[in-house]
Amino acid sequence: MGNVPVLNIADPALIKTLLVKDFHLFPNRTKLRPSSNAITTQNLNQLSGDDWKRVRSIVSPTFSSGKMRKMYPRFRECLTDFMRHLDGIARTGQTIDLWKAFDDFAIDVIATTVFATKIDTYKSRDNRFVVNARQKFSFNLIQAMAGIMLPKFLSQWLKVTDPKSNEFFIDTVRHIIGQRKEMGTGQKYNDFVQLLMDAKLRDIKDRKMMQDDVDDHVDEGDEESEIRRKVLDINYARKQLTENEVIAQAFVFLLAGYFTTFSALAYFTYELALNPLIQQKLYDEINGAIDSDGEIPYDVLTRLPYLEAVFAESLRLHSGALPLARLATTDYKLGDTGITIKAGQQIEIPIYAMHLSEHYFPDPYKFDPGRFMPENKHKIKPYTYLPFGAGPRNCIGMRFALIEIKICMAHLIRRYRFYRCPQTDVPIEYKRFIHVMLPKRLVVGFEKRIQ
Ligand code: HEM
């Protein structure tokens, strides 16, 4: 098996068959990865088969739009602190390193919404949460990403676990769970530890209603929704997560939801700095959406077409260069290609290459949000735009990411203007590494708008 090459697949029809229809033959690639910590391996990303189905069915409703709506004020709180910090930077300088700035913000959001922990990430850099998160993600950023996305052989090579910071996060969640149990059910918390503790597998008919409530950032269509429903329509005796399973999910939300969101925010802002007309058009849309308190209601934010389109285009150009990967569990004949994928062989879908193929996206290097506007979106060939993956095993945190990024960008664009300055690298220069693209720096000019 060690000698079997990874097979790269970039054909949309085959991708659909593999990720959506026959996905059970291709569980997540991490199945066979050894790990030093039995607790953290119970996370969604590493589970497979019935264990994965059970946990995914229980956890999915914690990302429903109703739950996100309740969490909305938490994102807003984090944003208030972030903008206070940015105001300070704007008073003393005219440039901002987007990579660093959004890293701070994303840690705060994860600490608040997942770990129920309020940290002052901008002032107290020696806060234990921040230190441990950074320790895991500065040098270990690469390793963490490997833990989530990279093929098995690479992550084995990189030895993804960092026992000390793992222990810190495990202890943190265990402590919160203990406190919540002591306090009883009187008090309600809108964070993931609580949502995961309360999560209970619903009846199948209730699950059907819940799964209809999906975002259309990546339009999965009726067939895919139906398959997802069938895959998860199973009843299990154990309807709730154990304490260790709660910890493992919080842990994977940190791994999967931190780098992905801060890098997406940084690239989004970088593109706005380079494209002033697009920035102005977005500014106009957002200004038209503000209510009398200067806020953007949840329902309005989620339906702003230009904001959605600019974000989608930014994710197309900057998908992080990670291929989607799957592992075959049985020998599998690949359509009418004459190729048989052997059991144990890995396939990869090179989303970065597909997003930048002129075959699928005319003038692919042009930043053109118009491609994703409602009047054009249907022209995009299904399964060529895959920033959140596809099929039953796609990104469970997509809605969370969309809300975090949209609320953040909407308020930032209203308050600041971003522009290209002498330190802005065009094109972006990347550090040398495999699979993950890390810019050397992402600096733009910025100033506070007069309000
Ligand atoms: C812009 C932000 C994000 C991007 C681009 C992104 C992208 C992805 C991709 C490409 C996958 C693999 C999908 C596949 O193999 O088909 C994935 C899986 C996953 N993501 Fe995200 N993600 C983002 C944010 C988040 C957030 C905020 C969370 C949690 C709070 C999260 C949690 C997960 C989990 C748990 C999985 C594994 C799901 C499973 O195996 O059932 N992600 N994500």
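Counting starts at 1 for both ligands and their atoms, in listed order. Numbering of residues begins at 1 and proceeds along the displayed sequence.
- Residue Phe388 touches ligand 1 through backbone and side chain together, judged by heavy-atom distances below 4.0 Å.
- Heavy-atom contacts of Gly389 reach the following atoms of ligand 1: 10 (C), 13 (C), 14 (C), 16 (O) (cutoff under 4.0 Å).
- Note on ring orientation: taking the six-membered ring where Trp is involved, the planes of Phe169 and Phe115 are tilted (angle from 30° to 60°).
- The shortest separation from a heavy atom of Arg326 to ligand 1 is under 4.0 Å, placing the residue in contact.
- Against a heavy-atom cut-off of under 4.0 Å, Phe400 is close to the following atoms of ligand 1: 27 (C).
- One side chain, Tyr258 or Asp103, offers a donor N or O that lies under 3.5 Å from an acceptor on the other.
- There is a side-chain donor-acceptor pair under 3.5 Å between Gln194 and Asp198.
- Aromatic ring pairs are classed by plane angle as parallel below 30°, tilted from 30° to 60° and perpendicular above 60°; the pair Phe63 and Phe192 is tilted.
- The option from Phe23, Phe253, Trp52 that lies nearest to atom 29 (C) of ligand 1, judged by heavy atoms, is Phe253.
- For Glu224 and Tyr383, the side-chain atoms include at least one donor-acceptor pair closer than 3.5 Å.
- Using cut-offs of 30° and 60° for the angle between ring planes, the Trp99 and Phe262 rings count as perpendicular.
- Counting heavy atoms under 4.0 Å from ligand 1, residue Ala390 touches it through the backbone alone.
- Those atoms of ligand 1 with a heavy atom of Asn45 less than 4.0 angstrom away are 37 (C), 40 (O).
- A cation-pi arrangement is absent between Arg371 and Phe361 under the rule of less than 6.0 angstrom and at most 45 degrees off the ring axis.
- Shown in contact with Ile396 at under 4.0 Å from a heavy atom are these atoms of ligand 1, numbered in order with element: 34 (C), 35 (C).
- Residue-level proximity to ligand 1 for Pro387 is carried by the backbone, the only part with a heavy atom below 4.0 angstrom.
- Looking at Thr260 against ligand 1, both its backbone and its side chain come within 4.0 Å, counting heavy atoms.
- Heavy atoms of Arg56 found under 4.0 angstrom from ligand 1 belong exclusively to the side chain.
- Taking only nitrogen or oxygen atoms, main chain and side chain alike, Asn394 does not reach within less than 3.5 Å of ligand 1.
- A donor-acceptor pair is defined here as one N or O able to donate and one able to accept, closer than 3.5 Å; no such pair exists between the side chain of Tyr306 and the backbone of Met373.
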